[in-house]
Engineer: 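Structure below; questions to follow.
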Amino acid sequence: MSTPQIPTTEDALAVVRRDLPADRTLNLGPLQINVRHSALAGLDEAGVTERLVSIHKAVGQDPGLVGNLTDPQLRHWLLYAANLLAVNQTGAPGFNVKEALAWLVNNVTTVRPRMPLSDRDGFELQVLGRTG
């Protein structure tokens, strides 16, 4: 019987790199969805708050409501979801990104979020499915 190896720092970094949201293109039938999450992965909490305030302003919501969104997972989910919509706003004819962003802002607390991962598309399908 062999002794289990102790994970190294490189092992831990490999897991972090594997799980970071990646920039890629998803082919969903006739649509190509551009995923550009890398710029958001390194934001600190102040940066996340700043972007969330901008999203709220863009859809005509009170930016002070960002303070009510305290769950870190929901904050990051909203940020990544808004980014996904903004990057792909010209991809589908008739898509109204402002309406989609407003839906996200108004419903973020009712969502059971799937976070973006580099090797799965559940997050992107959830966001696109909910926002039309």
Side-chain angles (χ1 to χ4, degrees):
M1 187 163 155
S2 66
T3 18
Q5 291 185 330
I6 298 172
T8 65
T9 301
E10 188 56 38
D11 295 332
L13 289 174
V15 169
V16 169
R17 281 191 297 270
R18 181 199 70 207
D19 290 344
L20 275 178
D23 292 351
R24 64 192 190 284
T25 300
L26 299 175
N27 290 310
L28 303 175
L31 293 177
Q32 280 197 325
I33 305 301
N34 295 306
V35 180
R36 304 289 175 256
H37 294 314
S38 63
L40 302 176
L43 287 178
D44 61 8
E45 279 307 306
V48 170
T49 298
E50 182 181 318
R51 298 254 179 132
L52 292 176
V53 165
S54 295
I55 292 165
H56 277 67
K57 285 180 181 177
V59 298
Q61 293 284 340
D62 177 6
L65 294 174
V66 171
N68 297 339
L69 188 58
T70 58
D71 181 322
Q73 189 172 25
L74 287 177
R75 289 169 58 86
H76 285 91
W77 184 88
L78 178 57
L79 179 65
Y80 282 105
N83 182 63
L84 179 70
L85 295 178
V87 167
N88 291 286
Q89 63 185 312
T90 59
F95 178 69
N96 186 325
V97 72
K98 187 171 180 176
E99 283 180 15
L101 286 172
W103 187 94
L104 290 174
V105 168
N106 292 325
N107 293 285
V108 67
T109 57
T110 63
V111 172
R112 295 173 74 184
R114 294 182 186 178
M115 297 307 286
L117 296 171
S118 62
D119 61 344
R120 294 185 198 100
D121 59 6
F123 166 79
E124 290 81 10
L125 293 175
Q126 180 185 41
V127 172
L128 296 172
R130 301 269 179 134
T131 59

Engineer: To check you understand the geometry: which heavy-atom pair defines the closest contact between L79 and L52, and what is its length?
Structural biologist: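 Between these two residues, the closest heavy atoms are N-CD2, 4.0 Å.
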Engineer: Please check: side-chain N/O of N34 versus main-chain N/O of N88, any donor-acceptor pairing under 3.5 Å?
Structural biologist: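 Side chain of N34 to backbone of N88: no pair is present.
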Engineer: For the pair L74 and L78, evaluate side chain to side chain contact (heavy atoms under 4.5 Å, CB included) and give the outcome as yes or no after the intermediate values.
Structural biologist: CA-CA 6 Å; L74 287 177; L78 178 57; over 6 Å; no
Engineer: Would you list the pairs meeting salt bridge (charged side-chain N to carboxylate O under 4.0 Å, His left out) in which at least one residue belongs to residues 58-71, sequence neighbours left out?
Structural biologist: none
Engineer: Keeping to residues at least two apart or across chains, list the salt bridge (charged side-chain N to carboxylate O under 4.0 Å, His left out) pairs with something in residues 84-104.
Structural biologist: none
Engineer: Provide the closest heavy-atom pair for H56 versus P63 in the form atom of the first, atom of the second, distance.
Structural biologist: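 Here H56 and P63 meet closest at CB-CA, 4.0 Å.
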Engineer: Output all residues satisfying side chain to side chain contact (heavy atoms under 4.5 Å, CB included) with A81, sequence neighbours left out; order by chain, then residue number.
Structural biologist: W77, L104, F123, V127
Engineer: Write out all pairs satisfying salt bridge (charged side-chain N to carboxylate O under 4.0 Å, His left out) with one or both partners inside residues 77-89, taking only residues at least two apart or from two chains.
Structural biologist: none
Engineer: L65 and L101: same hydrophobic cluster, using ILVMFWY side-chain contacts below 4.5 Å?
Structural biologist: no
Engineer: Side chains of residues 40-51: which donor-acceptor pairs under 3.5 Å do they make with residues two or more places apart or in other chains?
Structural biologist:
residue: D44; atom: OD1; partner: A46; partner atom: N; Å: 3.4
residue: D44; atom: OD1; partner: G47; partner atom: N; Å: 2.8
residue: E45; atom: OE1; partner: R75; partner atom: NE; Å: 3.4
residue: T49; atom: OG1; partner: E45; partner atom: O; Å: 3.0
residue: T49; atom: OG1; partner: R75; partner atom: NH2; Å: 2.4

Engineer: Could you pull out every donor-acceptor pair under 3.5 Å between side chains of residues 106-113 and any protein atom, sequence neighbours left out?
Structural biologist:
residue: N106; atom: OD1; partner: Q61; partner atom: NE2; Å: 3.0
residue: N106; atom: ND2; partner: A102; partner atom: O; Å: 3.0
residue: N107; atom: ND2; partner: W103; partner atom: O; Å: 2.8
residue: T110; atom: OG1; partner: N107; partner atom: O; Å: 2.8

